[in-house]
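For reference, the structure discussed in these notes is given below.
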Amino acid sequence: MPVTQNDRDPTGTSADNARTITETIDAASNTGTSYTMSVGDTFAGALDFDSDWDWVGINLTAGVTYTIDMTAGTMVDPYLWLLDSGGIA
């Protein structure tokens, strides 16, 4: 799931140092997740069972447009939710 920025970020953030974060242990399904990413990074994870939710932290800037691309693999109806730092939609 790569995250890219459509507008120039006033902080000068770029994808030059983009990383791929691979889920090696199941990501927590709450704000205590140990996985974080930055704009330009890609998260590669797996949903291991029907009620598995993988949470990944990212800091985004209000007023900046981002593109989040998700590949569903074999999932028929995947969901992508954006939540605030308190886990509220």
Side-chain angles (χ1 to χ4, degrees):
M1 175 181 69
V3 178
T4 55
Q5 183 177 316
N6 297 347
D7 300 334
R8 283 267 177 213
D9 184 344
T11 63
T13 302
S14 75
D16 294 342
N17 297 318
R19 304 171 299 149
T20 296
I21 296 92
T22 302
E23 181 185 29
T24 55
I25 59 170
D26 192 35
S29 57
N30 57 52
T31 57
T33 184
S34 61
Y35 290 100
T36 61
M37 61 188 297
S38 299
V39 173
D41 290 349
T42 298
F43 177 77
L47 299 176
D48 298 320
F49 47 90
D50 286 344
S51 59
D52 190 13
W53 296 57
D54 289 348
W55 287 33
V56 180
I58 186 168
N59 289 316
L60 302 175
T61 303
V64 176
T65 302
Y66 299 91
T67 299
I68 301 172
D69 186 23
M70 184 174 77
T71 303
T74 60
M75 295 180 67
V76 176
D77 192 15
Y79 290 93
L80 173 67
W81 293 25
L82 295 179
L83 309 174
D84 66 15
S85 61
I88 306 299

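Through chains of ILVMFWY side-chain contacts below 4.5 Å, L83 is grouped with W53, W55, Y79, W81.
In this structure, OG on S38 lies 9.5 Å from CG on N17, to the nearest 0.5 angstrom. Atom CG of residue D48 and atom CG of residue D26 lie 5.5 Å apart, to the nearest 0.5 angstrom. The OG1 atom of T33 sits 7.5 Å away from atom CG of D54, with the distance rounded to the nearest 0.5 Å. Here Y35 contributes atom OH and I21 contributes atom CD1; the two are 10.0 Å apart, rounded to the nearest 0.5 Å. In this structure, the separation between CD1 on I58 and CG on D41 is 7.0 Å, given to the nearest 0.5 Å.
R19 and M37 make their closest contact through NH2-CA, 4.0 Å (heavy atoms, listed as atom of the first residue, atom of the second, distance). A pairwise comparison of heavy atoms in Y66 and T61 identifies OH-N, 2.9 Å as the closest pair. Among all heavy-atom pairs drawn from A18 and G40, the shortest one is CB-O, 3.0 Å.
Between V39 and V64 there is no side-chain heavy-atom pair separated by less than 4.5 Å.
The side chain to side chain contact (heavy atoms under 4.5 Å, CB included) test with F43 is passed by exactly one of T22, V56, T20: V56.
The 12-atom threshold is not exceeded at CG of N59, counting heavy atoms of other residues, nucleotides or ligands nearer than 6.0 Å.
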